[in-house]
Structures are given as C-alpha cells and as structure tokens.
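Whatever order the structure lists them in is the order used to number ligands and atoms, beginning at 1.
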Amino acid sequence: MNDILPPESARWEWLEAKMRSVLQRYGYVNVRTPIVEPTALFVRGIGEVTDIVEKEMYAFEDRADKHGQAEHLALRPEMTAGVVRAMIEHSYLRESGRRLYYFGPMFRREKPQKGRYRQFHQMGVEALGFAGPDVDAEVILMGSRLLRELGLVDGEHVSLELNCLGESAERLAHREALIAYLEQHQDLLDDDGRRRLYTNPLRVLDTKNPALQDMANAAPQLLDFLGETSLAHFNGVRAILDAAGVAYRINPRLVRGLDYYNLTVFEWVTDKLGSQGTVCGGGRYDGLIEQLGGKPAPAVGFGMGLERMLLLLEEIGVAPEAPTPDAYAIVPSAQSLPQVMVTLEALRSAGVAVILHPGQSSMKSQFKKADASGAAYALIFGEDEVAQGQVAVKPLRGQGAEGAAQFNRSLSAVADWAAELLNA
Ligand code: ATP
Ligand code: MG
C-alpha cells in the first residue's frame, strides 16, 4: 500500500482531471460507495471460486455487538458489486438507465510487484439498465478515448482484446466440452490448472504459463457454442467499433477473473508493463443486479487501474507538467504583512494563484524561492512601495509587454491588473 506524495500526486490529479473531462462528455455521473462492505456481497457478486474471493480479499470479523453478533466485512476488492448494492438499496435503478463512474481505492492481498499493489486505485464506469450492444460499444469507445486523450497510441502502446462469453446455457455446453478436453491433457496442467479444472475451467485457458499455450489454443472455443442471439449482440458491438475505427483483436480465451460477466468482455493490454499487462478490463454483467437481490436489469462497465496507467504513461514519456503559480509574493518587512495578505486575498478572489513567502528571510533567498516556484511573476511588497499603496511586479520569465522590466501596480485596484498575471 503506497503513500502518494507531491510531486507524484500532481500526476494523479492530472490523470483524474483528464478522465473526468472524458466521462462528462458521455453523460456519466459520479458515484461513491463505502470501502467496507459485507464479505458476502463480494462472495455472491464476484464468485466463490475466483482468485479475488479465494485468496485476495481482506476479510475480517468485526467486533461483536451487544447481542454477540459479529459482522463479516471486507475491504472492497472491486467496485461493481458495491455500486449495484447501492443502486438496489436506494431503489436508484430506473427504466431509462443510469450511467455512473467512480474513482477510488481497491484492496487485494496479492504479491506486491511493479503494477500490482495491495491497495490500488481504479477509475471505472457502470452503465445500468441498458441491454443493447450500443452501450457496450459506448463504454468501449469511451475507454478508447480515455487512453487516446492521455497520449497512448492504439496498436503501439495499448491494444484492445474482445470476446463474447454468451449466456449461461452456452457456457455450460462449452464447459462440458472443455472439461472433457482438459481431462485428456491433465498431465500438462499446472497446479492452478488442476485446481480449476472442475471449478473454473475457462480460467484454465486464461493461463499465462507458456508451457500451456499450445494446449489452451487448441481447446474448444466458447465462440463456437454461441447461439444466434449472442452472436447478434457480439456482431452489433463489432459493427459499431468497426464503423468508429476502433481496432480490436478477438481473443476467444479472454474470460476475465470475475464470475459475473456474460456476452461482451474486453481488455486493454500493453506489452510495456511486463506481466501486469492489463490496464483496463470490463464487460457486460446482465445477471448481477438480480443475483444481488434487485429487479432484473442488464448492465455493462469497466475498471481501469490508475497505477498501471501512470506507469505506462511514464514508460512512454508522457509527463504532465506540474501546475505552477501565477505569482510569488516577496515580503521584505513583516510590518507590511497585514496589507500584503489582504492584497493576496484580493488577488485570489480574482482567480490568481499566488504563493506567500512564509516567514522572514533575505531578499536574495526570497527571489530564489520565487524562481524555484515556477511563478510567472514576483510581487515585491517593498516597505516604501506598500506605504505608497503600490506593489512592484517583476516578470520572471521575460514575458509581458514590458519585457523583463519591473513595473508598479496599485494595491487598492487589484481587479484592474489581476488579468495581467493570469494571462502570463
Ligand atoms: P490482473 O489480471 O492483472 O490480476 P485483474 O483481472 O485481476 O487484473 P480486474 O479485477 O479486472 O483486474 O481490475 C481492473 C484493473 O485494475 C486491471 O486491469 C488493472 O489495471 C487494475 N488492477 C487489478 N489488480 C491490481 C493490483 N493488485 N494492483 C494494481 N492494479 C490492479
Ligand atoms: Mg488479478
């Protein structure tokens, strides 16, 4: 679990602001739910035999209440189950659907390594109440735009993988064929594979073990078991992506590590982060709302790992500039402080970002600090100037009509010149 300190935290804020601007353009609105939920919510939502529930959850028993009852609670390992719970609890689902997004920390007890942490952060979207392939395509287009507007180039830094998981009857038929196939190749399977053969055979195909690739490639494919309706949905999504020019690779072995998915699933992957190659994953989960006690309603969404996004952006040299102040206030004498600080407040009311030099120090050291702050202007509140109701304004970056020359402005008429500082 990491501390995120400046200047690193500025990269986070930059990333989040970029993402919010995209989300807004698609009409998604923010939702925030608790970090702690009943453990049973995740067991029912994500699935009992998934890695997350079997090994990765921070689950604990709360203190007993006065009746001796203790609740089983867990730190959320993902957000979808919590969002769906909240929607049901507040009767928030409606006929016309809901388009939501979230940012926040998630928790999984995994082996920490680059791009894999025990507390990590996701941005995600959930579109609830929409059945058609249009909204699957919408969230994929939105994900694609998010990556593009952050500076990631499709095909070079990231690529989209797409699959269709069909419906449960189709998965069941495929599952039987798959188990029969895997039984024939039992001797090849690793420990994970043997453990999952009967519990989660699709996940066996999702293996990253190089020794199992040939076997997994030749296994019966779920796509061959899909009926007309599922295929029509899949083709509907594909037609929109094709028209929009979003490239994808159909990966028949893409299953995702959570049980609630059906029909469309997708991932954006990169080869720049070693084995932590998935930066975004999502899909349709039409059964989850009903499974968690709500009136049946379809849904689709995705989650994006923010640490991996930032690592990837760093890897390819996208470095957001840290925000710099418009001005830095140099105060040679403590005597002027009340007037100086009133002036700074007026500047801030006018929208100027201005940093006060704290405490007393030499002019030389104050100028050094002004320079280091990256400010466009130094405001020099010399004792004489202040006594005359003036401040000396010095451009620090050689900008402005008056070049690098210093000029005076009136303390009582900040509104008249604040714009000068903002337009530097
Ligand atoms: P992986 O295959 O890498 O374990 P996952 O399938 O478990 O990922 P999801 O549950 O789909 O991941 O979560 C969505 C995204 O959240 C991932 O694509 C990834 O970017 C990020 N993520 C998941 N687990 C971690 C983690 N432990 N640390 C950092 N980011 C993570
Ligand atoms: Mg995982």
**Asked** Can you list the residues that meet the salt bridge (Lys or Arg N to Asp or Glu O under 4.0 Å) rule with Glu176, with sequence neighbours excluded?
**Response** none
**Fill in**
Gly305 heavy atoms within 4.0 Å reach ligand 1 at atoms 15 (C), 16 (O), 20 (O), 21 (C)
**Message:** Show me which atoms of ligand 1 lie under 4.0 Å from any heavy atom of Thr278.
**Reply:** 17 (C), 18 (O), 19 (C), 20 (O)
**Asked** Under 4.0 Å between a Lys/Arg side-chain N and an Asp/Glu carboxylate O for Asp371 and Lys368?
**Response** no
**Message:** What protein heavy atom lies closest to atom 28 (N) of ligand 1? Include the residue and the distance to one decimal.
**Reply:** Tyr117 N, 2.9 Å
**Prompt:** So which protein heavy atom does atom 16 (O) of ligand 1 come closest to, and at what separation?
**Reply:** Gln122 NE2, 3.0 Å
**Fill in**
So the atoms of ligand 1 within less than 4.0 Å of a heavy atom of Val279 turn out to be 18 (O), 20 (O)
**Message:** Taking Arg256 first and then Glu161, would you say they form a salt bridge - that is, a charged N and a carboxylate O separated by under 4.0 Å?
**Reply:** no
**Enumerated ligand 1 atoms positioned under 4.0 Å from heavy atoms of Leu258** = 10 (O)
**Geometric cation-pi criterion, Arg99 with Phe130: 6.0 Å, 45°** = yes
**Request:** Count the heavy atoms of every other residue, nucleotide or ligand shown that sit under 6.0 Å from CZ of Phe60, and state whether that count exceeds 12.
**Result:** yes
**Request:** Could you tell me the residue and atom name of the protein heavy atom closest to atom 3 (O) of ligand 1, and the distance to it rounded to 0.1 Å?
**Result:** Arg308 NH1, 2.9 Å
**Message:** If the cut-off is 4.0 Å to any non-hydrogen atom of Gly115, which atoms of ligand 1 fall inside it?
**Reply:** 28 (N), 29 (C), 30 (N)
**Message:** Just to confirm my output: which protein heavy-atom neighbour is closest to atom 2 (O) of ligand 1, and how far is it?
**Reply:** Lys208 NZ, 3.7 Å
**Item:** Arg108 neighbourhood, listing ligand 1 atoms whose heavy-atom distance to it stays under 4.0 Å
**Value:** 5 (P), 7 (O), 9 (P), 10 (O), 12 (O), 13 (O), 23 (C), 24 (N)
**Message:** Can you tell me if Glu48 has over 12 outside heavy atoms packed within less than 6.0 Å of its CD?
**Reply:** no
**Asked** Which protein non-hydrogen atom lies closest to atom 30 (N) of ligand 1, naming both residue and atom, and how far is it?
**Response** Phe120 CD1, 3.4 Å
**Asked** Looking at ligand 1, does Glu110 have a heavy atom less than 4.0 Å from it?
**Response** yes
**Item:** Any Leu306 heavy atom less than 4.0 Å from ligand 1
**Value:** no
**Request:** Could you pull out all residues at least two apart from Glu71 that satisfy salt bridge (Lys or Arg N to Asp or Glu O under 4.0 Å)?
**Result:** none
**Message:** Could you tell me, atom by atom, which parts of ligand 1 come under 4.0 Å of a heavy atom of Gly303?
**Reply:** 14 (C), 15 (C)
**Message:** With a sphere of 6.0 Å drawn around NZ of Lys369, does it hold more than 12 non-hydrogen atoms of other residues, nucleotides or ligands?
**Reply:** no
**Request:** Give a yes/no verdict on whether any heavy atom in Gln276 is under 4.0 Å from an atom of ligand 1.
**Result:** no
**Request:** Answer yes or no: does atom CZ of Arg397 have more than 12 heavy-atom neighbours from other residues, nucleotides or ligands under 6.0 Å?
**Result:** yes
**Prompt:** Heavy-atom count around Lys55 NZ within 6.0 Å, excluding the residue itself: above 12?
**Reply:** yes
**Polar atom proximity, Ile52 to ligand 1 (N or O, under 3.5 Å)** = no
**Prompt:** Among protein heavy atoms, which sits nearest to atom 4 (O) of ligand 1, and what does the distance come to when rounded to 0.1 Å?
**Reply:** Arg116 NH1, 2.9 Å
**Complete:** To the nearest 0.5 Å, atom CG of Asp192 lies from atom CZ of Arg196 at 4.5 Å
**Request:** Mark up the atoms of ligand 1 that fall under 4.0 Å of a heavy atom belonging to Arg256, in ascending order.
**Result:** 6 (O), 9 (P), 11 (O)
